[in-house]
Amino acid sequence: MEGDEREARRQKLAALRDSGVNPYPNDFQPRHTTAEIKQLFEGADDVALESNTETVELAGRIMSQRDFGKASFLHLMDRTGQLQIYVKRNVIGDDAFGLFKQMDRGDIIGVSGKPFHTKTGELTIEANRLSLLGKALRPLPEKWHGLTDVEARYRQRYVDTLANEEVREVFHKRARIIQALRRFFVERGYFEAETPIMQSIAGGAAARPFVTHHNALDMDLYLRIAPELYLKRLLVGGFDRVFEIGRVFRNEGVSTRHNPEFTLLEFYQAYATYRDLMDLTEELFVHLADEIVENRVLRWEGHEIDLRPPWRRVSIPELVSERLSVPIDAVLDLDHKALRAAADRVGGPLRQDYVQKYGDAAAGYLLLDLFEAVAEPELVQPTFVERYPVAVSPLARRNAEHPNFVDRFELFIGGREMANAFSELNDPEDQRQRLEAQLRHRDAGDDEAHAMDEDFLRALEHGMPPAAGEGIGVDRLVMMLTDSASIRDVILFPHMRVEKI
RNA sequence: GAGCCGUUAGCUCAGACGGUUAGAGCAUCUGCCUUUUAAGCAGAGGGUCCCGGGUUCGAGUCCCGGACGGCUCACCA
């Protein structure tokens, strides 16, 4: 048994076709958007509208309808908003009104007519011609509650964005954020690059990749987990400032903070250090807040986030030493026994055997996990966390003073990692040793350890300028700037299991 | 991957203890209605109660299994 509504609409469609009307023509060109019409006439007084002889022509979807038998009000939505249309039988004629009766909420129509104000003062177009441009066979969701079922909203985003204006606004903001990012870097002399998404070695991050296959070449390829190694090749190649905004893919779990494919911004600047990037990052976030939210203090998930610089800068050894009462020297020496004792006090997953998994690099991994367990969730206000263990940062420059650590920071806002940056390692021999260490971790069972990339090492041997680089998760940035709780609310078509339709 | 919660008309939601024929609003259909805006009035139709088993005289409701979703955790350096 079919749904009543679809059957009724199919019958109207058939009736239209029978009477020689094409229900899906493409012969109407709107000359105005609803926003343009409002701008032209909203302030005009009734006398001026009365003497106005110009007709406007607009097109859009019928979002609501109030029917009076021989007249009808409806709201038409186009890309710029909604405008009320008034249809009167004695104006458009009996035949046209008969066709109009076959139209429904959800249909796409073209209208030409004259603006006027209703009794309640709403700018309205009195239609003198009206044509169907696309018959909808399925009904729109309820006008009052819209579409709230989250599964339906994600799977049928086209209905979500039709029915829910706030959702459209979030994605408009997302587009503006990406445009602002691009402008920010282009204005500062960065070259915008497009590097391979299909890679034969998935490097630049610690993550498991998706695998695909090239038939003609009969070779497996990976979807990239980061553009890093290609952007650094461009530093070697003479592009001193380079950035890329693009999709990366990580074969991991799905959550409110993780989508298997997400958008990453990476940028690299020669002759700069990670410290320079702290300043640049503050500048960038303030710029985005000004442009998108028009306020440097944001609401995000009930927190007030104060983006006004300077932001707090702390180091991992400091935080862990303080929270877990481990002497700072023991932390800086990566004293495995002291860190192990602290980890046992914290308990939970930290009880696992790091030595078996990471060998002599165990203390570095353990320290990072300690930091994440005790300090990360508390970092609500923007905080630069620096001084990462060298073992967990195979592509970062060693700190001159503390060679167990690298010149790296991560930015945390709202308890989430928002950015990751470091001074780049440009010593090809050190880089080779670090990647070899990663291979040992891989052999020991760490399937997220970094892969060897001989061409990348060859590039470094040509000489890479000293540089600093940073990656920013664009989806999380959009979440923050739109006060969204789930990454699925800022990705148009988030990943879902297959649905039986 | 684990725990908790959810899935009832196109949409938004009710359905005590297991008890006749599963309800409401919007939407749809019919009639009336030419300044309404959650238009109004009168009437009508619309259900694989997510799927499959089971218990029971009887299951939307209880039990088991599964699908999909949400949240939390794990994973995500």
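Throughout, a chain's letter reflects where its sequence line sits, starting with A, and its residues are numbered from 1. Computed from a predicted model, the values in this text were never measured in an experiment.
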Phosphate contact ([N] OP1 or OP2) by [X] side-chain N/O below 4.0 Å:
| X | N | answer |
| --- | --- | --- |
| Thr256(A) | U72(B) | yes |
| Lys70(A) | C33(B) | yes |
| Arg155(A) | G69(B) | yes |
| Arg9(A) | G10(B) | no |
| Arg497(A) | A67(B) | no |

Tell me what [X] touches on the nucleic acid: a base, only sugar-phosphate, or nothing, going by heavy atoms under 4.0 Å.
| X | value |
| --- | --- |
| Tyr388(A) | nothing |
| Arg257(A) | nothing |
| Glu448(A) | sugar-phosphate |
| Lys12(A) | sugar-phosphate |
| Arg153(A) | nothing |
| Asp369(A) | sugar-phosphate |
| Asp67(A) | base |
| Gly364(A) | nothing |
| Leu140(A) | nothing |
| Tyr365(A) | nothing |
| Gln84(A) | base |

Given [options], the nucleotide with the shortest approach to the side chain of [X]:
| X | options | value |
| --- | --- | --- |
| Pro141(A) | C11(B), A77(B), C71(B) | C11(B) |
| His145(A) | U12(B), A38(B), C33(B) | U12(B) |
| Asp104(A) | C29(B), C11(B), A77(B) | C29(B) |

Arg89(A) has an atom CZ; how far is it from atom P of C32(B), in whole Å?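 To the nearest whole Å, that distance equals 11 Å.
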Going by modelled atom types, is there a donor-acceptor pair between the base of U12(B) and the side chain of Thr148(A) at under 3.5 Å?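 Absent.
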Which pairs count as ring-ring contact (aromatic ring centres under 6.0 Å, His included) when at least one residue sits in residues 354-380 of chain A, sequence neighbours excluded?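 Of all non-adjacent pairs touching residues 354-380 of chain A, those that pass ring-ring contact (aromatic ring centres under 6.0 Å, His included) are Tyr358(A)-Tyr365(A), Tyr358(A)-His441(A), Tyr365(A)-His441(A), Phe371(A)-Phe412(A).
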More than 12 foreign heavy atoms under 6.0 Å from CD of Gln352(A): is that the case here?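 Yes, CD of Gln352(A) has more than 12 neighbouring heavy atoms, counting only those of other groups under 6.0 Å.
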Under a 3.5 Å cut-off for both contacts, is G69(B) paired Watson-Crick or G-U wobble with anything, and if yes, with which nucleotide?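 Matched G69(B) with C5(B) under the 3.5 Å cut-off.
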With under 30° as parallel and over 60° as perpendicular, where do the rings of Phe409(A) and Phe384(A) fit, or are they tilted in between?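 Ring orientation of Phe409(A) relative to Phe384(A): perpendicular.
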Do we see Phe68(A) stacking on the base of C33(B), given a limit of 5.5 Å between centres and 30° between planes?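 Here Phe68(A) fails the 5.5 Å or the 30° condition.
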